[in-house]
Structures are given as structure tokens and as C-alpha cells.
Amino acid sequence: MRVCMVLFGDLRFDFRVFREADALRTAGHQVVLVASDFGGRLPSVWDDFEFRRIPVDRSKSLRRTYPLFWHRAARLAWEVDADVYHAHDLDALWPAARAAGRRGACLVYDSHELFVEQSSLVRRAGVRGFWGWLERRLVRRVDRVLTVSAAIADTLQQTYDLEPPPILVRNLPPFREPVSGDGLRQALGLDGDDEPLALYQGGFLTDNGLAEQITAMSRIGVGRLVLLGSGPMEEGLRHQVASLGLQDRVRFLPRRPFPQLHALTCGADLGLCVIKPAGNSFLWSMPNKLFEYLMAGLPVLAGDTPEIRRVIEDTGAGVLVDPADPDAIAGPLRELLTDEPRRRRLGEAAARSARRYCWEREAPRLLEAYAQL
């Protein structure tokens, strides 16, 4: 089949989109991507794919950016003449649905999160209401819904009475052995420094728990916290770090394209997945970073939310904490940073689990969904 994927996101950093596009292409489908272009060269892994890219001005508000993107994406997607239009998240569903309707093609809605329940929308009733209205209107046209966690699948099913029910395709990375090296320390300018590194990688998003983790670092006297990523809360987080005098112990690194991430992750001593449930999207999330830590053989300090708890209890690879309480984070964080034998045991459990929590085992779910189309 000819598949047109539509997304409003940066292809340099979206590993889920690449994994799905690559799996479909490997299975014999032709994949074309209609995607936003935020600037910057794409990783070479994208070289063999066909694109229709839409420049996006980051300086403009999303209220202006989204309508411009949707209008152009709908036209470009229709020009692809696809058998299936695959919308990556709710903010790409309208142009994909419009093109699918005009072509009489199948429509796939890939819900990367519970979009309407994002923490950034919790206190914005009008904006949240618009996205809820849009999802209710468009989901009736969808032939298959994919999503990232069982809890989100259940919520979408209960909300919209979907038939067939949503298909779970989790954010699992391809299997790779952990690699040795000091790439992370070198990136931080810490060659020869033996302080253990606790790593958070991902978005600096509204009320997602990073402020609590920084506060926890102010209450312990060991280790460094590395924040690798970017997002709308970065300025506020940097101000918090400065106000607490933690500039040497809490370090920022810019977001890296996904092909570079595994080697950096492997250079940490501990992975942090302490997601604060400030909205149901975070409460029921299954973040990429959790499985990337397992793949790197890292012990994990994790927030005690339902889906994350399920993985930690199944693998024995980490410790659960209350993600909203800095004191509850600080104690286990200090213990893990100072207890190298325990970190080693948890890391070995993480590495063992990576054979089960890998994309090679998850991709067949995506391919089966397409086979049903």
C-alpha cells in the first residue's frame, strides 16, 4: 500500500514516527511523509524516504501556525494519492482526514498521548474544549486507532466507543546492546569527574515533574542531574537552578537527534522517569525515555504512575517514588547515587528486560493493524 504519514513535529527527534515508517517500508509499503519543517538537517536514516515538508516559524503562536500548517498539509497529502493516511497525533488528524475523505482512502489515527488531557491544557478550558471537539468530530472517520499505553487505549475506547478498539503500539526502541564510552561526560565537559550522573532526557514540558526533581537535587549532596532536551519550560527551569545555586550540579544539554541518543544515554549512571501526573496524559503515559533507559542498561528512578509502575514491577529495574513530592524523590535518589552495587543490580535487570521491551517485538502489532486495512 501507499501510506501518507502526516505530522506536526520535528523529524529529527521523533523516534516513534521513524520506527513506524521504517517498519512499514520494510514490510513492502511505500511511505511518504507530509511533515512540518522546523529547520535543521534531518538524520541520514531519513535519506531514503519521500517527503513533503512545510516550513514552520517557531516565533509565531500555535493559534496562527496550526491553521497554516493544516491548510498546506491537507493539500500536499491529497496530492500523494495514498491508500492510507496515517495521522501522528491529534494535531495532524484534520489534514489527514480531509485528504483521506477526498481520496476515499483509509485513515489511521496514531494517538501519541491523551492529547486533550495534556498538562498544558488542564487550566485552559477554551483551548482544551476546541481539541476535544475536534477529536470527537474526526474520530468517527477513523478506520484504526493506535496508541502508546493500555490506559490511554481504554480511555479512548470508553470515550468514543471505537470499533475496532484501539491497538496498542508502545514506544519501544529497537534492540541494541549498551555501549561503553564517556560521550555524556565529554558533552558536559566533565572528563575525569567521577560524580554519578542522573539523566533525564525528553521534553521540558508544563508541570511534568522536573521542578520537583531539581528541588530534590538541592536536598542531597551527591551526584549531578543532567537535563538533556528542550521545551517551553526551559527558561523557568534554568532560573530555578540558578536561584538554588545548583549550576554546577544540574546541567543542561540541548536536544539531540534520536540516532545519537543511545550512546549518550549509556554514559549515565541512573535514568530518571519521574513524570508528575499533572493531567491524565502524564498519568497514563508510557514515555520513550523509560524504555531507552532499559535499553542502555540503566537503573531507573521512576514516578509511581500506573503504566510506569507496571513496567518497573515487571522488570525489577528501578525504584518507584511519588513524583509530586521532592522529599520522596530526594531520599531514593540519594540512595541510588551512593549505592553503586545496587545500581549495578538494577542495571543488570534493565539490560535483561531489553530483549522483551524492544521494537522487534512491538512492530508486528503495527503491521497487523495495516494487514486488517
Side-chain angles (χ1 to χ4, degrees), residues 16 89-91 111-125 127-129 131-132 135 147-160 166 168-172 198-217 219 225 227-234 236-237 240 270-294 298-315 317-333 336 357:
R16 178 180 179 87
D89 235 333
L90 180 56
D91 55 1
S111 182
H112 293 197
E113 60 187 325
L114 201 56
F115 196 98
V116 178
E117 298 287 344
Q118 293 179 79
S119 61
S120 60
L121 301 181
V122 167
R123 295 179 177 85
R124 302 173 67 192
V127 179
R128 185 181 179 190
W131 287 113
E135 188 171 58
T147 195
V148 298
S149 80
I152 292 178
D154 290 343
T155 300
L156 291 172
Q157 176 63 27
Q158 292 167 11
T159 303
Y160 300 117
L168 180 62
V169 181
R170 295 171 297 178
N171 283 321
L172 306 187
L199 172 67
Y200 169 90
Q201 59 191 43
F204 303 159
L205 305 177
T206 302
D207 206 16
N208 71 341
L210 285 177
E212 286 76 9
Q213 291 163 65
I214 292 170
T215 300
M217 282 298 295
R219 298 176 184 177
L225 171 59
L227 303 180
L228 195 168
S230 63
M233 302 308 295
E234 181 170 349
L237 294 173
Q240 180 188 4
L270 174 66
L272 299 186
C273 189
V274 188
I275 308 301
K276 183 179 175 182
N280 286 337
S281 187
F282 283 158
L283 175 64
W284 295 323
S285 66
M286 285 274 272
N288 285 280
K289 65 178 69 63
L290 174 60
F291 303 106
E292 288 161 356
Y293 298 152
L294 299 181
L298 295 186
V300 182
L301 184 68
D304 190 2
T305 53
E307 296 290 333
I308 294 174
R309 181 194 312 126
R310 185 180 305 173
V311 174
I312 295 299
E313 291 178 345
D314 178 59
T315 62
V319 175
L320 294 165
V321 298
D322 180 350
D325 183 350
D327 287 328
I329 297 168
L333 179 57
L336 287 172
Y357 287 95

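Using a 4.5 Å cut-off on side-chain heavy atoms (C-beta onward), Ile275 and Pro323 make no contact. Contact check for Thr215 versus Arg219: side-chain heavy atoms found under the 4.5 Å cut-off. Looking at heavy atoms from C-beta onward, Met217 lies in side-chain contact with Leu333 at the 4.5 angstrom threshold. Using a 4.5 Å heavy-atom threshold, the side chains of Val311 and Leu294 count as touching. Under the 4.5 Å side-chain criterion, counting only non-hydrogen atoms from C-beta, Met286 is not in contact with Arg310. Two residues are said to be in side-chain contact when any heavy atoms from C-beta on lie closer than 4.5 Å; Glu135 and Val116 meet this criterion. Inter-residue side-chain proximity for Leu114 and Ser285 is flagged as unmet; no heavy-atom pair is nearer than 4.5 Å. Ser111 is not listed as a side-chain neighbour of Val148, based on a closest heavy-atom distance of 4.5 Å or more.
One distance of note links SG of Cys273 with CG of Leu298; it measures 12.0 Å at 0.5 Å rounding. From Phe204, atom CZ reaches atom CD of Glu234 across 5.5 Å, with rounding to the nearest 0.5 Å. Here CZ of Phe291 is found 7.5 Å from CG of Asn171. Values are rounded to the nearest 0.5 Å. Interatomic distance, Ile329 CD1 to Leu301 CG, rounded to the nearest 0.5 Å: 7.5 Å. The distance from the CZ atom of Arg170 to the CG atom of Leu290 is 10.5 Å, given to the nearest 0.5 Å. The CG atom of Asp304 lies 4.0 Å from the CZ atom of Arg309; values are rounded to the nearest 0.5 Å.
Between the side chain of Asp322 and the backbone N or O of Ala324 there is at least one donor-acceptor pair closer than 3.5 Å. Using a distance-only test at 3.5 Å, with no hydrogens or angles considered, a donor-acceptor pair links the side chain of Gln118 to the main chain of Phe115. Remark: the backbone N or O of Val274 is not paired with any side-chain donor or acceptor of Tyr200 at under 3.5 angstrom. In this structure, Thr147 contributes its side chain and Ala153 its backbone to no donor-acceptor pair below 3.5 Å.
Using a 4.0 Å cut-off between charged nitrogen and carboxylate oxygen, Lys289 and Glu292 do not count as a salt-bridge pair.
Taking each heavy atom of Thr206 and Ser120 in turn, the nearest pair found is OG1-CB, 3.8 Å. Closest of all the heavy-atom pairs between Pro299 and Leu270 is O-CD1, 3.4 Å. The minimum heavy-atom distance between Ile312 and Gly318, with the atom names listed, is CG2-O, 3.6 Å. Across Gln213 and Leu272, no two heavy atoms sit closer than the pair OE1-CD1, 3.5 Å. In terms of heavy atoms, Trp131 sits closest to Leu90 at O-CD2, 3.6 Å. Nearest heavy atoms, Thr159 versus Thr155: OG1-O, 2.7 Å.
No donor-acceptor contact under 3.5 angstrom links the side chains of Tyr293 and Gln201, judged on distance only.
Arg124 CZ: 12 or fewer foreign heavy atoms inside a 6.0 Å radius.
Residue pairs meeting the side-chain hydrogen bond (donor to acceptor under 3.5 Å, both in side chains) criterion with at least one partner in residues 270-283, sequence neighbours excluded, are Glu113-Ser281, Asp207-Lys276, Glu212-Lys276.
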